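Presented below is the structure to which this report refers.
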Amino acid sequence: MRYKKALITFVSICLIFTFLQICKAENNSDGKTYIYVIPVEGVIDNGVAVFTERAINKAEKTQAKALIFEIDTPGGEVNSAIKISNNILRASIPTVAFINKEATSAGVIIAISCEKIMAVPAATIGAAETRPNEEKYISYWSSALRAVAEARGRDPQLVAAMADSDIVIEGVKEKGKILSLTTKEALKLGLIDEQVENLDEVIQKILPENKGNAQIIRAKMNLPEQIAHVASNPYIAPILLMIGIVGIVTEILSPGFGIPGVIGLIAFGLFFGGSFMAGAAPAWVLGLFILGMALLLIEIFMPGFGVFGVTGILSIIAAIIMAFPNLEQALISVIFAIAASSIIIYFLMKRITVNPIFNRIILGTKQEKAKGYVATSKDASEFLGAKGKTITPLRPTGAAVINGEKVDVLAEGEFIPKNSEIVVIKVEGSKIIVRNANNKESE
């Protein structure tokens, strides 16, 4: 009987504790009403998408009464904007878009994803044309806009006209133009719900019964999200790549290891780290980049006929391309980075002392006539069977001394280091083909 009473007491305590926890959750632990404000500012990228997803999840756990997306953006990446839109549509909390200045381009889909749209008098919404302006991109983007507009009970044709110049709306939009609306125009056409002066007025309209009692929580990016936002920005990512390339190449060219190498590694670290934290690139992409760098080091210190070097360069390029959200942005960024870094490196090479290690990657020896080099005659058969010594690495071409003359030679299928004994095994016109004299096959 005693154990039965103890069991009943224990179960009762558990039930009371559970009830109190439920009450605590229902009342947000302190009985306050919470409203979350999520700023969507600047260029939309993967970093912003990660930030908004976390903020929405946190607001739901806090059981906030409303989510206000304060929008002031010129647009950005379409895929990132669609991710944000999907998260808003799935939110279990009432959502409000507050256009504080502009909801342009990719910002349109974020605004129309919310249940209500409010805007200040001088705000604008629209101009959502894709880049590049091609049929397949326009079709995909305009269909995404229409789908969201239909889901929120807004005019899908009106929204699609912001992306497709071929759409004609009588008295609103002519063919060949992209639709962009002011607050007054959008209000008249029913695209937005109300005009407001500021955020305080938005809060008063969505929660009039809690005027002055609601606790406003303004979401902020944490450090990883800030890094992801900067590194995944379509305008900053190419600059990080350029800095990374210039830093690493300059480090290879100059003796020792110093500031250029550190800056280059930091730039690449920000680029790949930001893409990884933003969810644009999986961890194996970073691994592919590290593998490429390792292969380049192997090529420098353990020459392998260029196989390691070429494979390393291809691995690095592949990793960079895969770190971008789409192929188009990747190609534009890579081309810009390579072109800009090439110009910078060209001018830097005139001012820095070239590291001897660099000659193991690229043959930099100039075979000038003043230094004793001579071009081979049309008939070089006199060198057939003769022995000589290399004066540059053969990769597979280079220079050697044969019969007291400095000549251009070609190694047959192998890398031959500098100061190696060679033997001429074949002559084809002016082409002299050699082999390492220590190989048994050459005897």
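Side chains included, hydrogens not; waters and symmetry mates left out as well; all remaining heavy atoms used. Given the structure is predicted, the values throughout are model-derived calculations rather than measurements. In this chain, residues are counted from 1 in sequence order.
At a threshold of 4.5 Å between non-hydrogen side-chain atoms, the residues Val78 and Tyr137 do not count as touching. Two residues are said to be in side-chain contact when any heavy atoms from C-beta on lie closer than 4.5 Å; Arg218 and Tyr36 fail this criterion. Looking at heavy atoms from C-beta onward, Phe69 lies in side-chain contact with Ile88 at the 4.5 angstrom threshold. Looking at heavy atoms from C-beta onward, Val409 lies in side-chain contact with Leu394 at the 4.5 angstrom threshold. Side chains of Pro121 and Glu197 form a contact here, defined as non-hydrogen atoms less than 4.5 Å apart.
The line from CG of Leu295 to OG1 of Thr311 is 6.0 Å long, rounded to the nearest 0.5 Å. To the nearest 0.5 Å, atoms CD1 (Ile138) and CG (Asp166) are separated by 7.0 Å. For the atom pair Ile35 CD1 and Gln215 CD, the distance stands at 10.5 Å (nearest 0.5 Å). How far CG of Leu199 is from CD of Gln204: 10.0 Å, rounded to the nearest 0.5 Å. How far CD1 of Ile82 is from CG of Leu145: 8.0 Å, rounded to the nearest 0.5 Å. Atoms SG and CG, from Cys114 and Leu89 in turn, are 8.5 Å apart once rounded to the nearest 0.5 Å.
Residue Ile112 comes nearest to Arg154 through the heavy atom pair O-NH1, 2.8 Å, listed as atom of the first residue, atom of the second, then distance. Ile320 and Phe271 get closest at one heavy-atom pair: O-CZ, 3.9 Å. Summarising the geometry of Phe415 relative to Pro393, their closest heavy-atom pair is CE1-CB, 3.8 Å, with the distance given to 0.1 Å. Shown here for Trp284 and Met322, the closest heavy-atom pair between the two residues is CH2-SD, 3.2 Å. For the pair Leu67 and Ala91, the tightest heavy-atom approach, listed with the atom from each and the gap, is CD1-CB, 4.4 Å. When all heavy atoms are compared, the tightest approach of Ala119 to Ile192 is CB-CD1, 4.1 Å.
Remark: the backbone N or O of Ala330 is not paired with any side-chain donor or acceptor of Ser333 at under 3.5 angstrom. Looking only at distances, no side-chain donor or acceptor of Ser105 sits under 3.5 Å from a matching main-chain atom of Gly107. Ser85 contributes no side-chain N or O that, together with a main-chain N or O of Ala81, makes up a donor-acceptor pair within less than 3.5 Å. Not one N or O on the side chain of Thr397 forms a donor-acceptor pair closer than 3.5 Å with the backbone of Leu410. Between the side chain of Ser139 and the main chain of Lys136, no donor-acceptor pair closer than 3.5 Å is present. Of the possible polar contacts, one joining the Thr73 side chain to the Gly42 backbone as a donor-acceptor pair under 3.5 Å is found. Of the possible donor and acceptor atoms, one in the side chain of Lys173 sits under 3.5 Å from a partner among the backbone N and O of Ser165. Checking side-chain atoms of Asp45 against main-chain N and O of Val48 turns up a donor-acceptor pair under 3.5 Å. Between the side chain of Asp193 and the main chain of Ile117, a donor-acceptor pair closer than 3.5 Å is present. At least one donor-acceptor pair closer than 3.5 Å links the side chain of Thr95 to the backbone N or O of Glu115.
One finds no salt bridge joining Glu53 and Lys83 here, because no Lys/Arg side-chain nitrogen approaches an Asp/Glu carboxylate oxygen to under 4.0 Å. The pair Lys116-Glu194 does not count as a salt bridge, with every side-chain nitrogen at least 4.0 angstrom from each carboxylate oxygen. Using a 4.0 Å cut-off between a side-chain N of Lys or Arg and a carboxylate O of Asp or Glu, Asp164 and Arg146 do not qualify as a salt bridge.
Under the ring-ring contact (aromatic ring centres under 6.0 Å, His included) criterion, Phe289 pairs with Phe268, Phe272, not counting sequence neighbours.
Looking only at atom types and distance, the side chain of Glu60 has a donor-acceptor partner in the side chain of Ser92 under 3.5 Å away. No donor-acceptor contact under 3.5 angstrom links the side chains of Asn57 and Arg54, judged on distance only.
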